[in-house]
Amino acid sequence: MALSTRNREILAAIEPAYGQGADPAAFAALLALDADLPSLDAQEATRNTIEPHLGARAKYGWQRRWPLTWAHEAIGSGDPAVPPHFDVLLRASGWTRVALSGTATVAAAARALGTTVGAWTYAVTTGYTGYNRRLARVTCTTAGPSGSNEVSVTAPATGLGETAEAAYSQTGVVLTDGTALTLPGGATITPTITAPLGVGDTWIVELTPPGIEYWP
């Protein structure tokens, strides 16, 4: 019976330091589908030196490489705290692994939409536990300082299937210094108003699901 050559295994690991071999236990085995490893590919450079004869100038190969093209089935680990099995390839390609959990799932500051009269800051009290990225909109409906205003907190429905999350809406919420404000996905923030709010003032608070992300 003929042997299949369409599938191969690639062993990949990150060197602890440049030129230092990785620990054998650190290698991840990745299934490569339809792998194609062609012959050596290189560019030639001609040195423009003075020659004592009429022959061709010396040429040297540079940027020698063996391009490997292949496909791979990529799925998550199933655990927000555990990197996916192809983590090593992403990090080797120049991406930084960032683990998001707890209060890191809520943006450190709200982003104002347009020009606002009021201003406020907050401390993240409880992290976001939802399944999807969400933008919580905080809009002032009754002007005033701490304890004398009213805001609405809304977020549209998002996600599909088992990860679908319904629209979120709270109205008539009083924004008060030191009193927790509830956001979608169980997140809470504790505000401090630095300038009385004006009607129509709107801010966005970004919420990110807990898990592993890769940033350039």
Side-chain angles (χ1 to χ4, degrees), residues 1-48 56-107 111 127-136 155-167 184-187 204 206-216:
M1 180 181 293
L3 298 177
S4 171
T5 59
R6 293 177 299 172
N7 301 338
R8 290 287 187 268
E9 278 190 351
I10 292 178
L11 298 178
I14 298 291
E15 294 179 343
Y18 181 75
Q20 180 179 342
D23 185 334
F27 281 86
L30 304 172
L31 176 62
L33 308 178
D34 298 318
D36 180 23
L37 181 61
S39 58
L40 170 67
D41 186 10
Q43 292 177 273
E44 284 190 341
T46 301
R47 299 194 64 194
N48 292 318
R57 290 189 171 95
K59 294 183 178 180
Y60 299 91
W62 66 293
Q63 288 192 353
R64 297 184 178 92
R65 55 192 179 274
W66 284 268
L68 170 64
T69 59
W70 51 288
H72 176 63
E73 293 182 354
I75 60 173
S77 66
D79 186 336
V82 178
H85 62 285
F86 51 90
D87 166 83
V88 61
L89 294 182
L90 294 178
R91 290 190 291 132
S93 300
W95 295 81
T96 298
R97 183 176 67 208
V98 179
L100 295 176
S101 62
T103 57
T105 58
V106 181
R111 185 174 73 251
Y128 175 63
T129 58
Y131 296 108
N132 305 280
R133 284 184 176 272
R134 303 195 80 172
L135 299 178
T158 185
L160 298 171
E162 295 182 359
T163 63
E165 293 173 289
I204 295 295
E206 185 175 1
L207 307 172
T208 306
I212 304 294
E213 289 197 342
Y214 294 87
W215 298 351

>> Is there a side-chain contact (heavy atoms from CB on, under 4.5 Å) between T96 and R91? Walk through the geometry before answering.
In response: CA-CA 6 Å; T96 298; R91 290 190 291 132; over 6 Å; no
> Can you list the steps and then say if L11 with L30 is a side-chain contact (heavy atoms from CB on, under 4.5 Å)?
Replying inline: CA-CA 6 Å; L11 298 178; L30 304 172; over 6 Å; no
>> side-chain contact (heavy atoms from CB on, under 4.5 Å), that's the test. Do W70 and D36 meet it? Break it down for me.
In response: CA-CA 6 Å; W70 51 288; D36 180 23; over 6 Å; no
>> The test is side-chain contact (heavy atoms from CB on, under 4.5 Å); show your working for R97 and L90 and say whether it passes.
In response: CA-CA 8 Å; R97 183 176 67 208; L90 294 178; over 6 Å; no
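Atom-to-atom distance recorded for I14:CD1 and F27:CZ is 10.0 Å, nearest 0.5 angstrom.
Residues I10 and L89 form no side-chain contact, since every pair of their non-hydrogen atoms from C-beta on lies 4.5 Å or further apart. H72 is listed as a side-chain neighbour of H85, based on a closest heavy-atom distance under 4.5 Å. The closest side-chain heavy-atom distance from L100 to E213 is below 4.5 Å. Here the side chains of L207 and T105 are not in contact, with every heavy-atom distance at 4.5 Å or above. Within the 4.5 Å cutoff, side-chain heavy atoms of Y214 are placed close to those of P83.
No donor-acceptor pair under 3.5 Å is formed between the side chain of T158 and the backbone N or O of N132.
Minimum heavy-atom separation, V82 to S77: O-OG, 2.6 Å. Nearest heavy atom pair, residue V88 against residue A28, reads CG1-CB, 4.3 Å. P16 and G21 get closest at one heavy-atom pair: CD-O, 3.8 Å. Nearest heavy atoms, P84 versus G76: CB-CA, 4.4 Å. When all heavy atoms of A29 and E9 are compared, the closest pair comes out as CB-OE1, 4.4 Å. Here the shortest heavy-atom pairing between S101 and P210 reads CA-CB, 4.5 Å.
The list of side chain to side chain donor-acceptor pair (under 3.5 Å) pairs with a residue in residues 13-33, not counting sequence neighbours, is empty.
The neighbour count for Q43 CD, taken as heavy atoms of other residues, nucleotides or ligands under 6.0 Å away, is above 12.
For Y131, the side chain to side chain contact (heavy atoms under 4.5 Å, CB included) partners at least two apart in sequence or on another chain are T163, E165. Partners of T208 by side chain to side chain donor-acceptor pair (under 3.5 Å), not counting sequence neighbours, listed by chain and number: R133.
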